[in-house]
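Just below is one structure, and these are the notes that go with it.
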Amino acid sequence: MKVIIFLGPPGVGKGTQCSLLSSRLGVKHISTGAIIRQEIASESALGLKVKGIVESGHLIDDKSMFLCLENALSSMTLNQNDIVLMDGIPRNLSQAKEFDSLLSKFSSKVDLVLSLTADLEKLVERFERRWTCSACGKVDSIVAHTDISKYSCVSCGKLGSMFRRKDDEPETVRRRFTVYQQETFPLVSYYADRKLLSIVDGLKSPEIVYAEIVSILMRK
Ligand SMILES: Nc1ncnc2c1ncn2[C@@H]1O[C@H](COP(=O)(O)OP(=O)(O)O)[C@@H](O)[C@H]1O
């Protein structure tokens, strides 16, 4: 498999771009946040263990994270030429190293790293509009003062299903930004040094960001 890592602060649009790429180009997509939220929703032992940590905006421990990721990768049928988008991992230097070892078990390596950038204050505003569907898990941006109980999810159509994720509440969002700056941001230069990095402005509209990503993929 070919592996593309998406780096960037919370809310920069990694999930949106990965969904667009996977629905339009048929590439595979792993979101570690989504995997963890499924564990929490299913009330598995792991889900119960990490629920409080996720809701407070901190990272879960590497052992639990890699267990989840290896399970997810093993459950997928992957061919040599399949492209897999990684959204949410690695999130610090030690995960980057462990990620390389995990990929070598699948005879793969990191092929490209896309860093989506944005001014953090602008992203705080995005979070004020960010709602998640309790039925299908899709995230949507909804204008302020909308009556959320009368709103139907644009992905699955369910009425009144949109809710605010606990870790999307303002105070937790600030903590997630701090965690990103301290732990994840150093990976930008780590991958730049390895000549794997491309930078994309995440504040442009989703379609423009998408077009830029596709043009980077064509050049690789
Ligand atoms: N690689 C990871 N290592 C540790 N915790 C993770 C990892 N990926 C996701 N998580 C946990 O899941 C939460 C939500 O992740 P995600 O949906 O990717 O949100 P975001 O990138 O917007 O912060 C994180 O705040 C963290 O608690």
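Start at 1 and go down the list; that is how both ligands and their atoms are numbered. Everything numeric in this text was worked out from a predicted model, so none of it was measured.
In this pair, Phe66 and Phe99 present their aromatic rings tilted. The plane angle is within the 30 to 60° band.
For atom 13 (C) of ligand 1, the nearest non-hydrogen atom of the protein is Val54 CG1, 3.9 Å.
Among Val110, Asp111, Val84, the one residue that satisfies the side-chain contact (heavy atoms from CB on, under 4.5 Å) test with Leu103 is Val110.
With ligand atoms numbered from 1 in the order given, ligand 1 contributes 14 (C), 17 (O) to contacts under 4.0 Å with heavy atoms of Arg37. Set against the non-hydrogen atoms of Ile89, the atoms of ligand 1 under 4.0 Å away are 1 (N). Of all atoms in ligand 1, listed by their number and element, those nearer than 4.0 Å to a heavy atom of Thr32 are 7 (C), 8 (N), 9 (C).
Atom CZ of Arg174 is surrounded by 12 or fewer heavy atoms from other residues, nucleotides or ligands within 6.0 Å.
Neither side chain, Ser74 nor Asn71, offers a donor N or O lying under 3.5 Å from an acceptor on the other. Side chain to side chain, Arg176 and Thr172 fail the donor-acceptor criterion of an N or O pair below 3.5 Å. Looking only at atom types and distance, the side chain of Asp62 has a donor-acceptor partner in the side chain of Ser94 under 3.5 Å away. A donor-acceptor contact under 3.5 angstrom links the side chains of Ser64 and Lys49, judged on distance only.
Within the structure, ligand 1 lacks Glu55 among the residues with a heavy atom less than 4.0 angstrom away.
Summarising the contacts of atom 3 (N) of ligand 1 with Gln95, Arg91, Lys14, His58, the nearest heavy atom is found in Gln95. Considering only non-hydrogen atoms, atom 1 (N) of ligand 1 lies nearest to Gly88 out of Pro9, Pro10, Gly88. Counting only non-hydrogen atoms, the option in Arg130, Lys51, Met65, Arg176 that gets closest to atom 19 (O) of ligand 1 is Arg176.
Using a cutoff of 4.0 Å between basic side-chain nitrogens and carboxylate oxygens, Asp140 and Arg129 are not scored as salt-bridged.
By the criterion of a heavy-atom distance under 4.0 Å, the side chain of Ile36, and not its backbone, is placed next to ligand 1. Contacts between Arg165 and ligand 1 below 4.0 angstrom, taking non-hydrogen atoms only, involve the side chain exclusively.
For ligand 1, the polar-atom distance check finds an N/O of Ile60 within less than 3.5 Å of one of the ligand's N/O atoms. Note: no N/O pair closer than 3.5 Å links Ser31 and ligand 1 by distance alone.
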